[in-house]
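Just below is one structure, and these are the notes that go with it.
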Amino acid sequence: MILEKTKLQGLQSELKYMDEITSGLGFVRGQWEYFRATYDFRIQDQKNDVYFLRVNCRVIDGKMESPYAVLTPEDIYIGIESFPHGLDYSVEIPKSVLKIANDKMSELEKLLS
């Protein structure tokens with residue numbers, strides 16, 4: 001599920017700061033390339049299903065791995081973990097999981113503003 005029109009889209013941050021705040025909020029920066037980074041936040045529900053809130057960021061100035069590269073969040077997704085290494089974005093997300101995801105995005109937005 002793509003989370004449309006979040007307040008994160010359009011905000012900007014240097015990589016060093018983005019890494020600091022996302023790691024402090026429990027995100028892990030996984031996939032990256034020269035112009036893109038993905039930050040994942042793991043959410044486990046009461047049925048022990050695992051979901052990930054995924055924030056895709058694009059470099060708008062510089063290159064990844066320079067602490068001064070400027071990133072902006074683009075698409076924000078949430079999906080359920082699927083075996084062996086993927087996410088299924090087509091499932092219905094429980095309200096309790098969406099609430100956690102929305103709260104986490106609000107925290108991130110406050111830190112980026």
Side-chain angles (χ1 to χ4, degrees):
M1 160 188 260
I2 296 177
L3 301 174
E4 305 277 342
K5 298 179 183 173
T6 72
K7 294 179 181 179
L8 289 173
Q9 293 160 320
L11 296 177
Q12 297 178 6
S13 172
E14 287 185 340
L15 175 65
K16 180 179 178 181
Y17 184 66
M18 181 72 85
D19 282 351
E20 283 176 21
I21 64 172
T22 54
S23 118
L25 291 173
F27 285 83
V28 174
R29 178 164 54 108
Q31 177 182 350
W32 69 272
E33 54 190 47
Y34 288 112
F35 299 102
R36 190 170 61 97
T38 301
Y39 295 88
D40 287 336
F41 180 75
R42 185 179 191 271
I43 303 168
Q44 188 166 348
D45 72 2
Q46 294 174 346
K47 296 189 307 186
N48 288 326
D49 289 329
V50 176
Y51 298 83
F52 282 90
L53 173 63
R54 177 166 283 173
V55 179
N56 288 327
C57 295
R58 174 92 35 207
V59 174
I60 57 174
D61 186 28
K63 287 188 180 178
M64 284 297 297
E65 297 312 306
S66 164
Y68 307 107
V70 178
L71 305 176
T72 185
E74 288 187 326
D75 295 323
I76 292 97
Y77 301 89
I78 189 165
I80 191 168
E81 183 178 60
S82 63
F83 182 80
H85 302 293
L87 293 179
D88 182 355
Y89 298 111
S90 65
V91 299
E92 186 172 332
I93 307 299
K95 287 182 183 181
S96 61
V97 172
L98 278 176
K99 180 179 179 348
I100 294 168
N102 286 326
D103 290 347
K104 195 55 66 172
M105 286 190 304
S106 291
E107 291 179 63
L108 182 56
E109 176 202 344
K110 285 177 189 171
L111 292 169
L112 287 175
S113 295

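- By the salt bridge (Lys or Arg N to Asp or Glu O under 4.0 Å) test, R36 pairs with E33, sequence neighbours left out.
- No donor-acceptor pair under 3.5 Å is formed between the side chain of T38 and the backbone N or O of N56.
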Side-chain donor-acceptor distances from residues 89-101 under 3.5 Å, at least two apart:
{"from": "Y89", "atom 1": "OH", "to": "R54", "atom 2": "NH1", "distance (Å)": "3.1"}
{"from": "S90", "atom 1": "OG", "to": "D88", "atom 2": "OD1", "distance (Å)": "2.6"}
{"from": "K99", "atom 1": "NZ", "to": "D103", "atom 2": "OD2", "distance (Å)": "2.9"}

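- Within the 4.5 Å cutoff, side-chain heavy atoms of S13 are placed close to those of L112.
- Nearest approach of A37 to M64, heavy atoms of both residues: CB-CE, 3.6 Å.
- When side chains are defined from C-beta on, Y77 does not count as touching M1, because their heavy atoms never get closer than 4.5 Å.
- Taking K47 as the reference, D45, D49 meet the side-chain contact (heavy atoms from CB on, under 4.5 Å) condition, with sequence neighbours excluded.
- Taken together through direct or relayed side-chain contacts under 4.5 Å among Ile, Leu, Val, Met, Phe, Trp and Tyr, L108 and F52 form parts of separate hydrophobic clusters.
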Less than 3.5 Å apart, which donor and acceptor atoms pair up between the side chains of residues 18-29 and the rest of the protein, not counting sequence neighbours?
{"from": "D19", "atom 1": "OD1", "to": "R29", "atom 2": "NE", "distance (Å)": "3.0"}
{"from": "D19", "atom 1": "OD1", "to": "Y39", "atom 2": "OH", "distance (Å)": "2.6"}
{"from": "D19", "atom 1": "OD2", "to": "R29", "atom 2": "NE", "distance (Å)": "3.4"}
{"from": "D19", "atom 1": "OD2", "to": "R29", "atom 2": "NH2", "distance (Å)": "2.9"}
{"from": "T22", "atom 1": "OG1", "to": "M18", "atom 2": "O", "distance (Å)": "2.6"}
{"from": "T22", "atom 1": "OG1", "to": "D19", "atom 2": "O", "distance (Å)": "3.3"}
{"from": "R29", "atom 1": "NH1", "to": "E65", "atom 2": "OE2", "distance (Å)": "2.6"}
{"from": "R29", "atom 1": "NH2", "to": "E65", "atom 2": "OE2", "distance (Å)": "3.4"}

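- Contact of the K16 side chain with the Y68 side chain is not registered, since no non-hydrogen atoms from C-beta on lie closer than 4.5 Å.
- Checking side-chain atoms of S113 against main-chain N and O of E109 turns up a donor-acceptor pair under 3.5 Å.
- For Y17, there are no ring pair (Phe, Tyr, Trp, His ring centres under 6.0 Å) partners, not counting sequence neighbours.
- When every heavy atom of F41 is checked against every heavy atom of K104, the shortest pair comes out as CZ-CE, 3.4 Å.
- Between E107 and K110 there is no salt bridge, since no side-chain nitrogen of the basic residue lies less than 4.0 Å from a carboxylate oxygen of the acidic one.
- A chain of hydrophobic side-chain contacts below 4.5 Å, direct or via other Ile, Leu, Val, Met, Phe, Trp or Tyr residues, connects I78 to I80.
- Under the side-chain contact (heavy atoms from CB on, under 4.5 Å) criterion, T6 pairs with L3, L8, Q9, I76, M105, sequence neighbours left out.
- Nearest heavy atom pair, residue C57 against residue P73, reads SG-CA, 3.9 Å.
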